[in-house]
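Right, one structure below, let's go through it.
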Amino acid sequence: MGLLDILLGRTKPVVPDLDQLFALPSAAITLEAAAGFTPTGQGAVCFATVEGAAFEQTHREVQALLDADIERTGPPVQLLRDDYGYSWLLSHRSPDDLSALVNDLHAVNSAMEINGFGPQLLCSLAAFENPAGRSLALVYLYKRGTFYPFAPLPERGQRRDNALELQVKAVLANDLRIEQDLSRWFPVWGAPGL
């Protein structure tokens, strides 16, 4: 960053670090020990939908790559659209194989980035739940290279458990690069897998 950028208040965007996703399995151990949340085996990558043959080809390649995994059990990778018009690529894995799920999320993000669709990537998430059935997601913001917790309240419409989110932030501070700007902790209502 140059002197002119400093004087004009311009900042360089944070470079995404997809390798941060590989910290999720160790963070999951901490999360289970401290708050009782365990992985559900579901995770998703959210991206702005783009029309065109190049994007469609990239999507088919990613889907084929993930569906070719002979160890995958359960439903295949699914492409879904939410009520806001964003696309989600949902992966299902065994709840005790978070590492495989993280590999899926990383592969999707990497393939989109390599094929020039990095600007369309919004976030990735891994879903967790506690024995009482409460849901929690650890959301990775692609453009910030950080994580934040998202805890929707059950049966209360679009409300979230801010106290739980702050508790998880404190618990995982040493395991994940947590987003410090709370205004960037966007709700992901209706996210598949959550």
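As a member of the Ile/Leu/Val/Met/Phe/Trp/Tyr network built from side-chain separations under 4.5 Å, L90 groups with L80.
Counted within 6.0 Å of CG on D19, heavy atoms from surrounding residues, nucleotides or ligands total more than 12; the atom is thus considered enclosed.
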Can Y86 and C46 be said to form a side-chain contact (heavy atoms from CB on, under 4.5 Å), step by step?
CA-CA 7 Å; Y86 293 105; C46 180; 3.7 Å; yes
side-chain contact (heavy atoms from CB on, under 4.5 Å) for L122 and Y142? Distances and angles first, verdict last.
CA-CA 6 Å; L122 302 174; Y142 176 80; over 6 Å; no
Start with the C-alpha gap between S110 and M112, add the side-chain angles, then the distance that decides, and say whether side-chain contact (heavy atoms from CB on, under 4.5 Å) holds.
CA-CA 5 Å; S110 295; M112 300 250 327; over 6 Å; no
What's the verdict on side-chain contact (heavy atoms from CB on, under 4.5 Å) for Q20 and L176, showing C-alpha distance, side-chain angles and the deciding distance?
CA-CA 7 Å; Q20 291 295 315; L176 297 175; 6.0 Å; no
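In terms of the side-chain contact (heavy atoms from CB on, under 4.5 Å) criterion, residue partners of D161 (sequence neighbours excluded) are, by chain and number, R134, A151, L153, A163, L164. Listed by chain and number, the residues in a side chain to side chain donor-acceptor pair (under 3.5 Å) with E179 are R144, T146 (sequence neighbours excluded). For the side chain to side chain donor-acceptor pair (under 3.5 Å) test, residues two or more places apart in sequence or in another chain that qualify with T49 are S87. Evaluation of the ring pair (Phe, Tyr, Trp, His ring centres under 6.0 Å) rule for F150 yields W189 as partners, not counting sequence neighbours. Applying the side chain to side chain donor-acceptor pair (under 3.5 Å) test to T30 and every residue at least two apart in sequence or in another chain returns D175. Applying the salt bridge (charged side-chain N to carboxylate O under 4.0 Å, His left out) rule to E165 yields the partners R160; only residues at least two apart in sequence or on another chain are considered. Residues passing the side chain to side chain donor-acceptor pair (under 3.5 Å) test with N174, sequence neighbours excluded: none. Applying the ring pair (Phe, Tyr, Trp, His ring centres under 6.0 Å) test to F186 and every residue at least two apart in sequence or in another chain returns nothing. For D181, the salt bridge (charged side-chain N to carboxylate O under 4.0 Å, His left out) criterion is met by R184, not counting sequence neighbours.
Between L172 and F147, every side-chain heavy-atom pair lies at or beyond the 4.5 Å cut-off. Side-chain atoms of V45 and Y140, non-hydrogen and from C-beta on, never get closer than 4.5 Å to each other. By the 4.5 Å heavy-atom criterion applied to side chains, L136 and L31 are counted as neighbours. Residues L79 and W88 are not in side-chain contact: their nearest non-hydrogen atoms beyond the backbone lie 4.5 Å or more apart.
No continuous path of ILVMFWY side-chain contacts below 4.5 Å connects I29 to F22, so the two sit in separate hydrophobic clusters. In the hydrophobic cluster analysis, where Ile, Leu, Val, Met, Phe, Trp and Tyr join through side-chain heavy atoms closer than 4.5 angstrom, Y84 is grouped together with L141.
Atom CD of Q42 is separated from atom CG of D104 by 12.0 Å, given to the nearest 0.5 angstrom. For the atom pair CD (Q120) and CD (E113), the distance works out to 12.0 Å, reported to the nearest 0.5 Å. Note that CG of L182 and OH of Y148 are 11.5 Å apart. Values are rounded to the nearest 0.5 Å. Taking CG of L138 as the reference point, atom CG of L125 lies at 9.0 Å (rounded to 0.5 Å). Here the CG-OG distance, from L24 to S99, works out to 9.5 Å after rounding to the nearest 0.5 Å.
When all heavy atoms of P95 and P39 are compared, the pair lying nearest together is CB-O, 3.4 Å. Residues L194 and A127 come closest through the heavy atom pair CD1-CB, 4.4 Å. For the residue pair L21 and S124, the shortest heavy atom distance occurs at CD2-CB, 4.5 Å.
The main-chain N or O of Q180 is never found under 3.5 Å from a side-chain atom of K169 such that the two would form a donor-acceptor pair. Between the S26 side chain and the A23 main chain, a donor and an acceptor come within less than 3.5 Å of each other. Of the possible donor and acceptor atoms, one in the side chain of N109 sits under 3.5 Å from a partner among the backbone N and O of L105.
Identified under the ring pair (Phe, Tyr, Trp, His ring centres under 6.0 Å) test for residues 30-49, with sequence neighbours left out: F47-F55. Here side chain to side chain donor-acceptor pair (under 3.5 Å) pairs that include residues 32-41, with residues two or more places apart or in two chains, number zero.
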